[in-house]
Amino acid sequence: MQVDYDVVIIGAGIAGVSAALYAARQRLKTLVISKDLGGQLNMTTLIENYPAIPKISGPELAKRVEQQARTFGAEIVFDEVKTVEKEDNVFVVKTRGATSAEASP
Ligand SMILES: Cc1cc2nc3c(=O)[nH]c(=O)nc-3n(C[C@H](O)[C@H](O)[C@H](O)COP(=O)(O)OP(=O)(O)OC[C@H]3O[C@@H](n4cnc5c(N)ncnc54)[C@H](O)[C@@H]3O)c2cc1C
């Protein structure tokens with residue numbers, strides 16, 4: 001099944017989920033496709049330099065931002081992106097699994 005989005009973000013590390021939060025809050029139809037949630041954050045048990053949060057584990061920080069992004073309507077699917085190709089006026093993102101998404105350039 002192929003679905004159209006305004007924004008498709010590859011990767012749900014802190015950069016990806018943060019981008020999803022901003023995009024979804026701007027009411028852009030937003031999809032995150034990622035192999036996992038958190039990326040490198042899953043390798044750290046203690047983060048002490050995230051503004052306004054004195055101490056937090058990496059996975060907990062990822063979960064919080066993911067939930068915040070979902071609050072604004074971002075969708076997140078766990079899959080591996082295999083190709084991104086520009087076709088006419090859209091980017092077509094294909095994954096190892098069933099996901100197929102289009103986003104405007
Ligand atoms: C042990 C350790 C401790 C650290 N401690 C700190 C700290 O205290 N403070 C600090 O500021 N920074 C710290 N860092 C650095 C910080 O964790 C990273 O800079 C940050 O997590 C990078 O986030 P990112 O979203 O840019 O990338 P990543 O976390 O690398 O996320 C990339 C995401 O993309 C996904 N992905 C990649 N390719 C595909 C594909 N083809 N299809 C689908 N998904 C894909 C991955 O699965 C992953 O979810 C630490 C890093 C480590 C390893």
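Atoms considered below: every heavy atom in the structure, side chains included; atoms not considered: hydrogens, waters and symmetry mates. When a ligand or atom number is given, it counts from 1 through the structure's own listing order.
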ask   = Given the rule in the side-chain contact (heavy atoms from CB on, under 4.5 Å) test, do Val77 and Val32 qualify, once you have shown the distances and angles that lead to the verdict?
value = CA-CA 6 Å; Val77 296; Val32 182; over 6 Å; no

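The shortest side-chain heavy-atom distance between Phe72 and Gln26 does not fall under the 4.5 Å cut-off. By the 4.5 Å heavy-atom criterion applied to side chains, Thr95 and Ile33 are counted as neighbours.
Side chain of Asn42 to backbone of Leu37: a donor-acceptor contact under 3.5 angstrom is found. Of the possible donor and acceptor atoms, none in the side chain of Thr71 sits under 3.5 Å from a partner among the backbone N and O of Ala69.
Across every non-hydrogen atom of Lys29 and Val3, the tightest pair is CE-CG1, 4.5 Å.
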Protein N/O near ligand 1 N/O, under 3.5 Å, which pairs?
{"residue": "ligand 1", "atom": "9 (N)", "partner": "Asn49", "partner atom": "OD1", "Å": "3.0"}
{"residue": "ligand 1", "atom": "9 (N)", "partner": "Asn49", "partner atom": "ND2", "Å": "3.4"}
{"residue": "ligand 1", "atom": "11 (O)", "partner": "Asn49", "partner atom": "OD1", "Å": "3.4"}
{"residue": "ligand 1", "atom": "11 (O)", "partner": "Asn49", "partner atom": "ND2", "Å": "3.2"}
{"residue": "ligand 1", "atom": "25 (O)", "partner": "Ile14", "partner atom": "N", "Å": "3.1"}
{"residue": "ligand 1", "atom": "25 (O)", "partner": "Ala15", "partner atom": "N", "Å": "2.9"}
{"residue": "ligand 1", "atom": "29 (O)", "partner": "Gln40", "partner atom": "N", "Å": "2.8"}
{"residue": "ligand 1", "atom": "30 (O)", "partner": "Gln40", "partner atom": "NE2", "Å": "3.1"}
{"residue": "ligand 1", "atom": "41 (N)", "partner": "Val81", "partner atom": "O", "Å": "3.2"}
{"residue": "ligand 1", "atom": "42 (N)", "partner": "Val81", "partner atom": "N", "Å": "2.8"}
{"residue": "ligand 1", "atom": "44 (N)", "partner": "Lys35", "partner atom": "N", "Å": "3.2"}
{"residue": "ligand 1", "atom": "47 (O)", "partner": "Asp36", "partner atom": "OD1", "Å": "3.0"}
{"residue": "ligand 1", "atom": "49 (O)", "partner": "Ser34", "partner atom": "OG", "Å": "3.2"}
{"residue": "ligand 1", "atom": "49 (O)", "partner": "Asp36", "partner atom": "OD1", "Å": "2.5"}

